[in-house]
2 protein chains.
Amino acid sequence: MVDVSEFPVTATGTSVQILETLIERNGAGVTEIADVLDRSKSSVHNHLETLTGLGFVIKDGYDYRVSLRFLTIGSYARSQYPLYAAGVSEVAQLSTASGCSAGLAVLEGDSVVCLHHRLGPDTDTPRVEAGDRLPLDCTAAGKAILAALGEARRDELLAGHTFDSGTGQSHSSRSELDAELGTVRTRGLAVDREEWYPDQRGIAAAVEGVDGELRGAIYLLTATEGLSGKRFQQDLPGLVISSANSIRNTLRESETGCRE
Amino acid sequence: MVDVSEFPVTATGTSVQILETLIERNGAGVTEIADVLDRSKSSVHNHLETLTGLGFVIKDGYDYRVSLRFLTIGSYARSQYPLYAAGVSEVAQLSTASGCSAGLAVLEGDSVVCLHHRLGPDTDTPRVEAGDRLPLDCTAAGKAILAALGEARRDELLAGHTFDSGTGQSHSSRSELDAELGTVRTRGLAVDREEWYPDQRGIAAAVEGVDGELRGAIYLLTATEGLSGKRFQQDLPGLVISSANSIRNTLRESETGCRE
DNA sequence: AAATGCGTTCGGTATTGGTGAACACATTTA
DNA sequence: TAAATGTGTTCACCAATACCGAACGCATTT
């Protein structure tokens, strides 16, 4: 958890700290939070009353919980990314056609965030949710995005990166990663071979806008079990690439003002 | 917009006011916000720096935008409702089987909120998003939920209700609504006949937990065009009711500790 | 009937959020 | 080239307020 006291408006920091406590504990009461955060009950009570009044917290009985207002604002935040509107129906199509789970991811700040995820017919893939952060170096989407960035930005993201997430089947150093990113760039496709979750493979392609700048990535997730080499190396990659192209076209239409 | 100064922690109120401005204007800069809210630039700057540090706001260039952190927390808030986990795959099935859009809604505080929405193959239904609020009296989901509540709670929700949302095809008074809610209770099904959006019809059924308490509703949305009377009065209602039953069973399993 | 749990209210005070002016930097105008 | 305008940012001052701690009301438990 971030140290909330290092920012100029400490009261807002306290409110957020209380929100995080509510999330961590799946709802809590005034006294409980005051204990955990080592604050007075009255202070906590004031914050909760404020957050409730503002619609971010719901009180039921003795418990306070975070409200669906976050989902409302979250849906809006997602709609800020043109990739979402342009890609959501293509994800449905990709997921149906491939029988795999599929989704969209974007780079926000220094993390790759899942914008949308659709569970496939073979339901035994990890339960990724919209809003989840994806590891940079051991997921197909992360690699696709890294490869599409300029070197300066990539260096920023990987500064101090430890290469310790995922299953350990992935790279152990920056130079190994850089080598793979070269391949990703030439193929226009990134893969993850059981590097993120055991028995799970991923395939992803970056999507750029009309200006050539990165808009995000579309990815596909599937269980290794019963997956033939040809399917992983030819069929599925083909579907992902064609989906990415389709999204690029939709994006071009919306970014240039429709069917130029 | 709520008056933010009526709550004890005014600084949090100000932060939220700034967030709302960012949403309203699709991102904004320090000066712009200071103008709109009639506050000093330094104050706005401090709040934005705090919100950025806490991860709720993203700065790109001169603009600040709300971040996907809201989506992350929103997904969590949604997962607090057992109806979501129990119903999301049933919604997919219902949507596929019926060819309509379908979704889940719950009562939070005094509003009915959409937990999940899946666009159907016939894509010309309103673009409902997770987190959207649904009108109480002119949507099928709203009526299903109202009908399932105790009288006291229903009175609370409808106190001061104006019956002016939707297309105007709906009820104009509380007594008319009450009459329909009786029918809803006996049929176990609520409908909306172009009352919310023109040319759109809805069907919904409430879902209760093992304690008999309301957990929310599952709904279906479809265009009137090309919809036969039999389909709207028999086929689709049958699908919705069987979906609701299926979710009730899933809920029972999870609430009693799996396959009792 | 006493004791413990909860959330809430209240006054006092040290902290701090807000202001407005000055600043650095970029872009636009003359 | 120089001035003018537009950003976001920094700073010192002061009134406003977020915080504390004790008291309170109300349940539930002992």
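Here is how names work: the chains are called A, B, and so on, in the same order as the sequence lines, proteins then strands, and each is numbered from 1. Source: prediction; values computed, not measured.
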*Assert yes or no for the condition that the ring centre distance of A:Tyr219 to A:His117 is strictly below 6.0 Å.*
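Yes: the rings meet the under 6.0 Å criterion.
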*For A:Ala28 and for B:Tyr62, locate the closest nucleotide of DNA chain C by heavy-atom distance; then report the residue assigned to the nucleotide nearer the 5' terminus.*
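By nearest-heavy-atom nucleotide position, the 5'-most residue is A:Ala28.
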Please report, rounded to the nearest Å, how far the [atom2] atom of [N] is from the [atom1] atom of [X].
| X | N | atom1 | atom2 | value |
| --- | --- | --- | --- | --- |
| B:His45 | C:dA24 | NE2 | P | 16 Å |
| B:Glu32 | D:dT5 | CD | P | 20 Å |
| A:Glu6 | C:dT16 | CD | P | 15 Å |
| B:Tyr64 | D:dG8 | OH | C1' | 7 Å |
| B:Leu48 | C:dG17 | CG | P | 15 Å |
| B:Lys59 | D:dG8 | NZ | C1' | 6 Å |
| B:Ile18 | C:dG17 | CD1 | P | 13 Å |
| B:Asp38 | C:dG18 | CG | C1' | 13 Å |

*Mutual orientation of the aromatic rings belonging to A:Phe70 and B:Phe56 [parallel < 30°, tilted 30-60°, perpendicular > 60°]*: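 If you compare the ring of A:Phe70 with that of B:Phe56, the planes turn out tilted.
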*Taking all non-hydrogen atoms of both residues, which atom of A:Lys143 and which atom of A:Leu181 are closest, and how far apart?*
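It is O-CD2, 3.6 Å.
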*Any donor and acceptor pair, going by atom type alone, linking the side chain of B:Glu208 with main-chain N or O of B:Glu213 inside 3.5 Å?*
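No; zero donor-acceptor contacts below 3.5 Å.
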*To the nearest 10°, let me know how far the axis at one end of the helix from C:dA1-D:dT30 to C:dA30-D:dT1 is tilted from the axis at the other, five pairs an end.*
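Inter-axis angle at the ends, rounded: 30°.
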*Do A:Lys41 and D:dG21 have a side chain to base donor-acceptor pair shorter than 3.5 Å?*
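For A:Lys41, whose side chain was compared with the base of D:dG21, there is no donor-acceptor pair (under 3.5 Å).
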*Could you state the interatomic distance from CD1 (B:Ile145) to CG (B:Leu157), rounded to the nearest 0.5 Å?*
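Nearest 0.5 Å value for the CD1-CG distance: 9.5 Å.
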*State plainly whether the residues A:Arg69 and B:Glu20 are in salt-bridge range, i.e. N to O under 4.0 Å.*
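Result for this pair is yes, salt bridge flagged.
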*Is B:Glu151 paired with B:Arg154 through a side-chain N to carboxylate O contact shorter than 4.0 Å?*
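No salt bridge links B:Arg154 with B:Glu151.
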*Ignoring hydrogens and angles, state whether a donor on the side chain of B:His161 or B:Asp137 is under 3.5 Å from an acceptor on the partner side chain.*
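Indeed, the side chains of B:His161 and B:Asp137 share at least one donor-acceptor pair under 3.5 Å.
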Dump the pairs, protein N or O against N or O of nucleotides 16-19 of chain D, anything under 3.5 Å, distances to one decimal.
from, atom 1, to, atom 2, distance (Å)
D:dA18, OP1, B:Thr10, OG1, 2.7
D:dA18, OP2, B:Pro8, O, 2.5
D:dA18, OP2, B:Thr10, N, 2.9
D:dA18, OP2, B:Thr10, OG1, 3.4
D:dC19, OP1, A:Thr14, OG1, 3.1
D:dC19, OP2, A:Ser43, OG, 3.4
D:dC19, OP2, A:His47, NE2, 2.5
D:dC19, O5', A:Ser43, OG, 3.4

*Please lay out, stage by stage, how B:Glu108 and B:Tyr81 fare under the test side chain to side chain donor-acceptor pair (under 3.5 Å).*
CA-CA 10 Å; B:Glu108 183 179 83; B:Tyr81 289 89; 2.8 Å; yes
